[in-house]
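A short worksheet on the structure shown next.
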Amino acid sequence: MKNINRRSFLKTMGAVGLFTIVPRKVLGGPGYIAPSDQLTKGIIGVGGIGRSSLHFSSDDTCRLTAVCDVDAHHLSNAVSAAKEKLNEQVRAYADFRDLIRDTNVDIVHIATPPHWHGIMAVEAAKAGKDIMCEKPMTRTIGEGRAVVEAVKRYRRIFRLNTWFRFKDTFYGLGTPVAPLKKLIDSGMLGWPLKVTVSGATGFAWKFFWVGKENLTPQPVPSHLNYDLWLGPAPYKPYNEHRTHQTFRGYWDYDGGGLTDMGQHYLDPVQYMLGKDDESPVKVEVDAPQQHPDAVGIWHKITYTYADGCQIVLEGEGFESKGKVPYIEGPKGKVYRGFECTIPDVMNKLAELPDPEPQRTDFLDCVRTRQAFALNERNGHHSCTLVNMGAVALRLGRSQLIFNPATQRFNDDAANQLVNQPMRGEWQNHMPRIG
Amino acid sequence: MKKHLLHITTCAFALQFVLVVLAPFSSCFTLSAQDDRNRATSTIIADGLAQLPAKNLNLLQQVMGEMAATGSEGMQMLISYLAPAVQGKNAKFEYAIDGIVSYVSKQEHGNLRNAIRQALRQGIEHQTDIDNKAFLISQLQRIATTDDITLFAQLLNHPQLSEPALAAIAAIGDTHTVTTLLSEGTAPKALLARLAVQLPTPEAETILLQWSGEADPATLAPVYSALAECGTEKSYPLLHKAAQAVGFSDDPTGATEAYLRYLCKNTRDSKMLTKAAKELMTCSVAAVRNTGLLLMTKALAGYRTTGNAASDYHLVQPVKATSMLFKALRDTDRQYRNTALSLLADAMKQWPGEKKDIPTQLTGIMPKLSADAQTDIVRWLGNHHLAAHIDAVAPLMLADNEELSSAAIRAAGQMGGDKALAALINMLHGDKADEAGSALLTFNGNINKGVLTALHHDNADVRNAAMQLASARHIYSAYPRIVQLLNADGKPNDVAYAALKGVVQPANFNALCDLLDHAQPSQQQPLQEAAKVAIATLKADAQYQAIAQRLSTAPVAAAYYPLLAQAGTKEAVALLGKAYNEGDKQALDALLSVNTAEVLPLLYDIAKTNGSQRDRVLTHYLTLTKRTRMNRDQRFQHLQQALALQPAPDVTAQYIAALADINNQPALTLAASYLNTIVKSNSMAPAFAAANTVKTIISKNKSLHGCEGIHDMLVKAVDIYKVKRQQGNTDAGYAIDELNGLLEKVDAQTRLTASVNALTDEERRQGFELLFDGQSLDKWFGNKTNYVPDNGTIYVSAGYGNGGNLYTNKTYSDFVYRFEFCFLEEGVNNGVGIRTREGVDAAYEGMEIQILDHDAPIYAGLRDYQQHGSVYGIIVPKHVNFGPVGTWHSEEIRAVGDHITVTVDGEVILDGNIREACQGHNVAPDGGKHNPYTIDHNNHPGLFNREGNISFCGHGEGVRFRNIRILDLSSKGKKAKR
């Protein structure tokens with residue numbers, strides 16, 4: 001986009017007949033980037049998603065200036081990749097607190113396993129950084145509340161990094177969310193609605209992301225700071241399967257496909273149903289018994305909102321036979337690929353206004369201090385969906401009642417999982433809320 | 001292992017009356033149900049363990065309910081089974097302990113909680129393995145009471161267990177404890193302070209204040225953090241000083257955060273708060289300034305809560321607060337200004353009476369502010385949909401400041417209303433036309449009226465933009481006007497042509513075709529599109545009829561190809577095929593946009609003959625094959641014949657991926673044939689796709705596990721995923737795990753199959769009789785529901801608690817009984833009953849020769865007289881090592897008088913005399929329940945039975961039998977042979 005001639009840019013756009021908001025970076029004229037417009041970012045966790053080309057980038061609008069990892073191999077790889085691919089001399093940190101306190105970093109990108117997200121987001125907020133956090137937002141409901149509170153108190157800009165509520169067709173669904181939102185808002189499907197997220201509607205729950213039981217302890221590799229990798233998580237003897245990539249299979253750090261992919265799948269549903277400020281009142285689970293450490297599979301999870309809307313997750317061995325509607329209402333159904341039982345639905349929809357524009361340029365949000373489309377507030381709610389399911393699943397409860405106002409369950413053991421104790425000093429950073 | 005069947009006989013009489021009354025409804029009372037209540041604790045625990053992990057939550061509740069009911073004895077037993085964690089063998093026990101704790105943590109099972117708690121407490125005290133201890137602490141944590149605090153508190157000084165102990169104390173949630181522990185101060189201060197962070201108490205403050213003199217940041221941080229939670233005005237000077245000392249920066253002691261959190265909690269003293277906030281507002285840390293502003297707002301507004309309800313507050317000086325926030329809008333820092341605006345939004349929501357005033361005042365002061373601040377306010381007005389203030393926003397659309405004008409345009413769209421609509425329409429020309437257009441597309445309300453007016457606007461740009469909007473919004477009433485505008489300036493207007501497709505209906509079709517017939521080549525495409533859309537809602541045949549009618553008179557038939565493609569009927573495809581065969585290149589493009597199955601045979605022919613277009617054609621062919629309704633065989637044929645044409649690697653890969661949905665053996669074999677391409681081809685895409693398809697089909701389709709070559713396929717797939725893993729693919733590691741898991745299953749299955757059920761020549765000569773021919777259970781009676789012929793074996797699927805045995809039709813006294821058995825899963829429990837009869841417990845009424853996967857961890861507490869091959873409770877066998885699950889073992893039981901010999905896999909493991917083993921006392925001489933002469937100290941009244949049936953005593957699923965044959969050694973048997 002750099003050096004583009006603005007006038008010709010606009011003319012082309014006009015001729016194509018597409019209206020677009022002109023990116024802020026184009027407005028300064030050819031080749032011009034105002035110094036105040038150049039932001040800097042640091043990435044914590046450069047082993048998996050943090051090293052993907054999607055995020056490991058640097059340009060005139062936002063430069064990568066620092067990286068951090070507890071694995072010395074990841075860290076040195078990232079430093080040399082930054083040099084070779086991005087021509088950036090980045091600062092390398094082994095401890096995220098040093099990156100967060102680096103005054104040359106504006107935006108902290110949290111790309112660690114989920115058990116770190118809450119603490120790092122709160123710490124980054126305290127240090128006055130704006131935050132981009134990978135999904136799931138937090139590993140517990142309590143941590144989510146702490147993030148919301150800290151971001152609000154210090155007035156930071158927070159982006160949760162899943163994007164299907166405003167961009168792309170997601171997974172196997174074969175349609176972006178905007179027309180679905182429009183359809184739901186139009187009332188053509190009736191109310192309340194039931195949304196089914198399953199293999200049959202195009203979503204794979206990644207059941208191979210499970211943990212191993214009976215892990216035998218192994219020596220900790222010298223390049224890994226295992227203590228800091230664990231951080232707030234309970235101490236468990238090292239086994240490589242716990243860390244890097246396969247951490248998803250352990251409750252201490254994540255929760256398998258449900259929690260690791262869940263927010264990708266459920267956040268757009270929450271947006272469509274208009275439940276951004278709400279949580280369900282009930283979660284029901286059908287699953288085999290879960291091991292206390294290793295995540296296993298599940299069959300079905302059902303969320304019910306106070307108004308009767310339902311979200312049904314169909315997992316292993318529970319895919320409804322034949323064609324399953326993605327959205328089902330009293331007056332109509334929608335299947336994957338926007339196949340709808342309402343005749344001529346596309347033309348009817350075209351006649352209606354598009355959903356309210358969302359702010360989807362994170363850097364622009366940072367500059368103008370506007371809330372990002374998917375932020376700490378609605379992100380916490382879609383993450384709570386995921387975490388409610390995980391709580392019921394871990395405890396083997398076929399049903400739990402949830403109070404959205406207090407964010408507590410009708411069950412003592414379940415409430416113990418709302419705020420989970422943190423190891424070592426990390427508890428200081430995460431006071432109990434609620 | 002011994003199991004008590006049918007012990008409800010004693011109460012059966014009492015139940016008889018009930019049974020008569022309830023019989024039609026009460027299958028649960030039928031005598032065939034197994035009563036678990038008389039099982040020994042060890043049996044209940046072993047049975048429970050064998051069913052874990054429970055396959056569903058109902059079973060989980062049932063199993064855990066049974067185990068939990070054994071109380072502290074069962075839990076102690078489970079804890080005693082825990083091996084040192086380094087051995088990695090504890091999963092089953094962890095499932096059980098965690099499950100039981102979960103079960104008793106439910107309110108309705110609270111009566112069982114205390115016994116389990118006690119057992120866990122003892123376990124924690126007696127376990128020596130630290131990791132197991134930590135595990136038990138974390139379990140006790142979930143059901144702990146204040147009585148457990150002493151136990152946990154003792155562990156606070158333990159180097160490895162202090163963390164789980166601390167977590168447990170915090171979970172109990174008793175604030176009194178915190179006070180006690182803090183005042184005792186025997187545990188590390190940092191640890192205790194952390195406890196106070198989680199459970200703040202007023203009493204803790206005094207002690208924490210004393211500790212604030214510590215120098216170590218690791219101790220100071222939790223002390224500050226705890227004071228933030230429980231501090232009163234006494235803590236203020238300390239926290240203030242600490243934060244001030246670090247310049248309100250974020251330092252390792254967390255002083256600033258603690259100070260701010262303290263202030264947010266203690267908003268009652270508005271004088272103190274005002275002073276503190278003022279200082280923060282002038283500090284150099286931007287984020288802290290924001291909090292300062294927040295606190296100042298609270299201080300000035302002084303909304304004092306008099307109760308818990310959110311509405312129950314009393315505003316002291318709202319005006320002072322809002323005017324302070326208005327003043328903040330003059331700040332040069334955008335962050336600060338937006339903090340003020342968000343606080344004003346809160347005020348608007350929460351302070352009664354402020355709703356109207358705040359926006360009005362804002363728009364009032366707006367002109368006096370900088371352009372940047374105006375931009376912020378405009379965005380704010382838009383975000384809150386304050387349509388009433390459009391008059392303040394609309395003029396700003398024309399502002400010189402780029403950012404401000406853009407913000408005003410967007411805000412107008414968010415606000416909606418006639419004024420905003422008119423203003424945005426007027427912006428549809430010039431530099432900001434695009435942004436105005438975007439705002440109109442997402443306009444908060446209907447835009448039709450404005451758009452229709454704009455179609456007559458003087459400015460051509462506005463008219464064009466209006467046409468685009470009319471098209472996007474399907475404003476059908478705009479059709480006549482857009483037709484007028486097609487060539488209004490004497491030359492074709494591209495925008496008008498492109499817009500047509502959004503405003504046409506079936507009635508316009510002929511008019512559009514007229515235009516198409518006379519169109520310049522450059523206008524053909526949009527007119528074709530419009531004509532297509534016009535009839536798109538008609539049925540395919542009707543579409544074809546309409547097109548065919550026009551075709552007869554059309555000057556250029558090719559102009560109608562795209563329309564024919566959309567109709568996609570047999571006739572339409574035939575017409576396009578004919579044109580293609582006559583060398584018309586445009587026909588191919590049309591054929592490739594046909595979305596009906598009619599075109600499939602033709603596409604295949606083209607792919608076969610037209611090498612240069614093959615990949616393009618086959619890509620569409622695949623799309624249609626996937627979409628078309630056909631059976632699996634047909635679908636497979638389509639994919640197979642396309643792959644035989646050898647498309648490019650990426651197309652090949654797509655086809656291989658599609659095979660996964662077919663999910664049968666031919667699909668598997670075909671996909672597997674591409675597993676080698678990784679070495680042959682430059683592109684790895686087909687091999688990757690093949691590895692995934694092979695994995696998917698094999699994992700979904702268990703019936704294929706016995707097929708030939710499956711093992712090799714899986715091994716190759718693993719190799720391919722290893723390459724993928726090297727390339728950094730996230731899922732590859734899991735895929736390898738999954739493939740290795742499948743390999744284990746497949747290999748076990750291979751070992752199982754190819755079973756032989758036949759006598760050897762030798763056996764035939766000796767007079768053995770085959771009791772199972774691989775298919776029929778004719779020579780047996782009893783539970784034929786859970787014992788079923790499967791794959792040449794007898795498969796046992798008896799669920800726990802509803803067993804029932806399988807018996808030979810004939811009875812035997814002296815005999816040689818041979819069979820093979822195979823455990824399909826760990827911990828299987830069965831047995832061979834001999835000299836027994838239907839409906840009794842063979843172990844006591846007759847003999848039971850134990851069949852048990854006795855090395856499974858769940859049998860850690862097994863007695864030697866319960867091992868595999870034992871004459872249960874009477875004679876101890878030699879220990880058998882079974883090797884991996886899924887292995888077949890041969891066994892021979894020879895019974896001659898009192899002499900029993902058991903041979904497993906060719907080795908004699910038991911050879912003894914039952915009468916000698918109990919010195920002739922199969923029952924206690926004193927008639928009591930305790931029999932000192934048998935090893936299990938039980939009475940075995942039927943031990944010396946002379947004759948009886950032979951049975952399989954099922955106790956759960958997961959075992960197969962085959963090759964069952966018997967030689968009757970009795971005189972009766974010999975007679976029969978003759």
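Throughout, a chain's letter reflects where its sequence line sits, starting with A, and its residues are numbered from 1. None of the values given here were measured: they were computed from a predicted structure.
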(request) In plain terms, say whether A:R423 and A:D227 are close enough for a salt bridge, that is, a side-chain N and a carboxylate O under 4.0 Å apart. (result) yes

(request) Flag the one option from A:G128, A:G396, A:A413 with the top tally of heavy-atom pairs under 4.5 Å to chain B. (result) A:G396

(message) Using 30° and 60° as the class boundaries, would you call the ring planes of A:H244 and A:H74 parallel, tilted or perpendicular?
(response) tilted

(request) Answer yes or no: is there an ion pair linking A:E149 with A:K152, defined by an N-O contact shorter than 4.0 Å? (result) no

(message) At a heavy-atom distance under 4.5 Å, which candidate from A:A294, A:G47, A:P237 has the highest pair count against chain B?
(response) A:P237

(message) Given heavy-atom pairs under 4.5 angstrom as the criterion, report whether the side chain, backbone, both or neither of A:K182 touches chain B.
(response) side chain

(request) Output yes when B:E403 and B:R379 qualify as a salt bridge under the 4.0 Å nitrogen-oxygen rule, no when they do not. (result) yes

(message) Out of B:K106, B:Q61, B:K92, B:Q414, return the one with the most heavy atom pairs under 4.5 angstrom to chain A.
(response) B:K106

(request) Sort out for me which of A:Q370, A:R369, A:R97 touches chain B most, counting heavy-atom pairs under 4.5 Å. (result) A:R369

(message) For the interface with chain B, which of A:I100, A:D293, A:T246 has the highest count of heavy-atom pairs at distances below 4.5 Å?
(response) A:T246

(request) Compare every heavy atom of A:M422 with every heavy atom of B:R194, then report the nearest pair and how far apart it is. (result) NH2-O, 3.4 Å

(request) Against chain B, work out which of A:P343, A:G249, A:P353, A:G296 has the most heavy-atom pairs shorter than 4.5 Å and name it. (result) A:P353

(request) Go through A:T216, A:V210, A:N347, A:L395 and name the one with the most non-hydrogen pairs under 4.5 angstrom from chain B. (result) A:N347

(message) Let's go through B:R142 and A:D412 carefully: what are the C-alpha distance in whole Å and the side-chain angles of both, what is the deciding distance for salt bridge (Lys or Arg N to Asp or Glu O under 4.0 Å) to 0.1 Å, and is it a yes or a no?
(response) CA-CA 9 Å; B:R142 297 160 58 193; A:D412 291 343; over 6 Å; no

